Student: 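Below is the structure I would like to discuss, written out as structure tokens.
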2 protein chains.
Amino acid sequence: MQAAPAPTRHDQATRLLHQCGATVTPARVRVLQLLLAADAAMSHQSLQQAAAASGHPFDKVTLYRVLDWLTGQGLVHSVAGHDRVRRFSLMNPHHAHAHFECSVCGRLFCLRGSLASAALELPPGFASDRVDITVHGRCAGCTAAATAPRSRGKDPGV
Amino acid sequence: MQAAPAPTRHDQATRLLHQCGATVTPARVRVLQLLLAADAAMSHQSLQQAAAASGHPFDKVTLYRVLDWLTGQGLVHSVAGHDRVRRFSLMNPHHAHAHFECSVCGRLFCLRGSLASAALELPPGFASDRVDITVHGRCAGCTAAATAPRSRGKDPGV
DNA sequence: TGAAAAAATGCAACTCGGTTGCAAAAATGC
DNA sequence: GCATTTTTGCAACCGAGTTGCATTTTTTCA
Ligand SMILES: [Mn+2]
Ligand SMILES: [Mn+2]
Ligand SMILES: [Zn+2]
Ligand SMILES: [Zn+2]
């Protein structure tokens with residue numbers, strides 16, 4: 001009696017791709033797998049390293065193209081950190097959501113929760129489309145590391 | 001009878017530099033002059049072009065270093081646009097202010113006015129420092145250009 | 001089926017914003 | 001003056017992202 005196995009990340013990734021009716025290619029599946037497993041947004045570099053570490057290195061350009069495609073499909077979105085590097089994460093259901101960038105480790109998180117749409121007054125003739133909000137500060141990991149001295153330091157996650 | 005001449009941008013720039021008690025170098029003065037005259041934030045490239053056009057080309061590295069220095073002094077601040085290019089503008093007195101990035105021409109403006117502090121809930125352990133807000137949409141110039149057809153098109157300002 | 005068309009991949013060379021190292025030239029301190 | 005610090009200039013470099021083009025894979029459809 002096999003208990004119904006929990007869906008693997010590979011399954012989840014494949015399902016996401018089927019849902020948007022496009023070809024399920026190994027590259028797309030693997031990128032989605034990595035993003036499903038991530039707790040923070042991932043840079044191109046960190047994705048490439050993670051893939052290489054798992055024994056299936058990506059071609060650089062293919063990875064860029066897969067990320068562009070996933071973004072175009074609305075499965076993934078990206079934010080540029082203050083280091084001008086784009087970081088990618090799964091599009092979460094909250095249509096508009098804010099981001100958090102840790103000024104210590106540089107990791108970037110999607111925040112969930114209501115963001116009070118700031119009532120900003122625009123100059124005459126300006127039309128607003130979308131508002132991006134990024135909170136800067138210390139993430140939980142870095143706060144803990146600073147509080148508990150000589151603990152094992154958090155790594156930047158590139 | 002000379003009427004008291006209005007302070008030139010050069011004067012204004014020099015005064016700003018004196019106020020923060022640092023050496024007034026020609027490069028710093030010229031960068032500040034350009035920023036004083038700008039109606040939107042300027043990229044490194046546009047500053048370099050503007051300087052070259054006025055007959056006093058900057059060395060690339062010197063310009064980067066002056067911008068870093070001015071930013072460190074708090075006289076100038078920079079924002080990275082969605083094209084991952086930093087754009088610089090004079091620090092305006094409003095401590096926290098939002099920005100506007102035009103999705104048509106790419107120009108970036110500092111908005112003035114109260115930005116309703118969005119009540120964002122952070123995950124446990126996260127500490128907020130500063131909140132960056134960027135509004136995306138069409139600037140006045142681009143809206144006008146779209147409305148009045150075949151008008152002279154606004155240039156991107158790089 | 002099995003060719004033809006379309007989409008995805010791999011590789012090299014390239015662009016471009018930004019940095020680093022180091023030496024020459026000003027500016028500053030005494 | 002002369003030593004020390006700061007600023008400038010140049011060249012080489014770095015890393016994120018793009019482009020062109022040839023090869024492979026997948027899809028379409030007669
Ligand atoms: Mn997000
Ligand atoms: Mn601003
Ligand atoms: Zn952190
Ligand atoms: Zn515009």
Side-chain angles (χ1 to χ4, degrees), chain A residues 13-14 16-18 20-32 34 41-52 55-73 75-88 101 106 108 156-158, chain B residues 13-14 17-18 20-32 41-52 55-73 75-89 101 106-108 156-158:
Chain A
T14 309
L16 282 171
L17 287 171
H18 274 135
C20 70
T23 19
V24 177
T25 74
R28 288 172 187 171
V29 174
R30 278 193 292 130
V31 172
L32 281 178
L34 291 171
M42 297 184 77
S43 64
H44 176 274
Q45 186 186 205
S46 64
L47 284 166
Q48 197 158 246
Q49 285 176 350
H56 297 282
F58 282 121
D59 174 74
K60 182 179 119 169
V61 180
T62 301
L63 177 52
Y64 274 118
R65 289 199 274 232
V66 165
L67 288 169
D68 280 353
W69 186 88
L70 289 171
T71 303
Q73 296 300 310
L75 287 175
V76 155
H77 75 138
S78 74
V79 194
H82 93 298
D83 55 2
R84 305 183 320 115
V85 173
R86 286 188 303 193
R87 288 177 170 76
F88 300 83
E101 184 176 17
L108 200 148
V158 185
Chain B
T14 309
L17 287 171
H18 273 134
C20 69
T23 16
V24 178
T25 74
R28 289 172 187 171
V29 174
R30 276 193 294 129
V31 173
L32 280 178
M42 297 185 78
S43 64
H44 176 275
Q45 186 186 210
S46 65
L47 284 166
Q48 199 159 245
Q49 285 176 352
H56 296 282
F58 282 122
D59 174 72
K60 183 179 118 169
V61 181
T62 301
L63 177 50
Y64 275 119
R65 289 199 274 232
V66 166
L67 288 168
D68 280 352
W69 186 88
L70 289 172
T71 303
Q73 297 297 312
L75 287 175
V76 155
H77 76 137
S78 74
V79 193
H82 94 298
D83 56 0
R84 306 182 322 113
V85 173
R86 285 188 304 192
R87 287 176 171 77
F88 300 82
S89 60
E101 184 175 17
R107 289 196 299 171
L108 201 148
V158 184

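Since the structure is predicted, the reported quantities are computational estimates derived from the model, not experimental observations. In what follows, chains carry the letters A, B, and so on, assigned in the order in which the sequence lines appear, proteins first and then strands, with residues in each chain numbered from 1. Every heavy atom of this structure was used, including side-chain atoms; hydrogens, water molecules and symmetry mates were not.
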Student: Residues two or more places apart in sequence or in another chain: which of them pass side-chain hydrogen bond (donor to acceptor under 3.5 Å, both in side chains) with B/H82?
Tutor: B/E101
Student: In whole angstroms, how far is the P atom of C/dG17 from the CG atom of B/D68?
Tutor: 16 Å
Student: Could you pull out the closest heavy-atom pair between B/A51 and B/R30, with the gap in Å?
Tutor: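 Looks like CB-NH1, 4.3 Å.
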Student: Rounded to whole angstroms, how far apart are CG on B/L67 and C1' on D/dT7?
Tutor: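 Atom CG in B/L67 sits about 15 Å away from atom C1' in D/dT7.
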Student: Give a yes/no answer on whether the side chain of B/R86 brings an N or O atom under 4.0 Å of OP1 or OP2 in C/dG17.
Tutor: no
Student: Donor-acceptor pair, distance only, cut-off 3.5 Å: does the side chain of A/R28 make one with the backbone of A/T23?
Tutor: yes
Student: Distance check needed: C/dG17 C1' versus B/M42 CE, whole Å only.
Tutor: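 Distance check: B/M42 CE to C/dG17 C1' gives 16 Å.
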Student: Using both pair distances under 3.5 Å as the test, note the stems of at least 3 consecutive Watson-Crick or G-U pairs that include DNA chain C.
Tutor: C:1-30 with D:1-30
Student: Given atom CG of B/L70 and atom P of D/dT6, what is their separation to the nearest angstrom?
Tutor: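 Between P of D/dT6 and CG of B/L70: 17 Å.
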Student: Ignoring hydrogens and angles, does a donor from either the side chain of B/K60 or the base of D/dG9 sit under 3.5 Å from an acceptor on the other?
Tutor: no
Student: Just how far, in rounded Å, is C1' of C/dG21 from OH of B/Y64?
Tutor: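 Rounded to the whole Å, the gap is 18 Å.
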Student: Enumerate all atom pairs, one protein N or O and one N or O from nucleotides 7-10 of chain C, separated by less than 3.5 Å.
Tutor:
unit_1: C/dA8; atom_1: OP1; unit_2: A/T23; atom_2: OG1; d: 3.2
unit_1: C/dA8; atom_1: OP1; unit_2: A/R28; atom_2: NH1; d: 2.9
unit_1: C/dA8; atom_1: OP1; unit_2: A/R28; atom_2: NH2; d: 2.4
unit_1: C/dT9; atom_1: OP1; unit_2: A/T25; atom_2: OG1; d: 3.0
unit_1: C/dG10; atom_1: OP2; unit_2: A/T62; atom_2: OG1; d: 3.1
unit_1: C/dG10; atom_1: N7; unit_2: A/R65; atom_2: NH2; d: 3.1
unit_1: C/dG10; atom_1: O6; unit_2: A/R65; atom_2: NH2; d: 2.7

Student: Grab the CD-P distance between B/Q49 and C/dC16 for me, whole Å please.
Tutor: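 So the CD-P distance, B/Q49 to C/dC16, works out to 12 Å.
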Student: Testing B/L67, B/L47, B/V76, B/V31 one by one against B/M42 for a side chain to side chain contact (heavy atoms under 4.5 Å, CB included), which residue passes?
Tutor: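 Among B/L67, B/L47, B/V76, B/V31, the one that satisfies the side chain to side chain contact (heavy atoms under 4.5 Å, CB included) with B/M42 is B/L47.
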Student: I'd like to check the ring pair (Phe, Tyr, Trp, His ring centres under 6.0 Å) partners of A/H44; sequence neighbours left out, ordered by chain and number.
Tutor: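 So A/H44 forms a ring pair (Phe, Tyr, Trp, His ring centres under 6.0 Å) with A/Y64.
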Student: Ignoring hydrogens, what is the shortest heavy-atom contact between A/L70 and A/L17? Give both atom names and the distance.
Tutor: CD2-CD2, 4.3 Å
Student: When the distance from CG of B/D83 to P of D/dA16 is rounded to whole Å, what number comes out?
Tutor: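 Those two atoms, CG and P, are 17 Å apart.
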Student: Can you name the residues that form a side-chain hydrogen bond (donor to acceptor under 3.5 Å, both in side chains) with B/T71, not counting sequence neighbours?
Tutor: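 For B/T71 there are no side-chain hydrogen bond (donor to acceptor under 3.5 Å, both in side chains) partners, ignoring immediate neighbours.
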Student: So, do B/L32 and B/V66 sit near enough that their side-chain heavy atoms are less than 4.5 Å apart?
Tutor: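 Result no, sub-4.5 Å side-chain heavy-atom pair not found.
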Student: Within the structure, does a side-chain N or O atom of B/Q45 lie under 4.0 Å from either OP1 or OP2 of C/dC16?
Tutor: no
Student: Mind checking what makes side-chain hydrogen bond (donor to acceptor under 3.5 Å, both in side chains) contact with B/S89, not counting sequence neighbours?
Tutor: B/H77
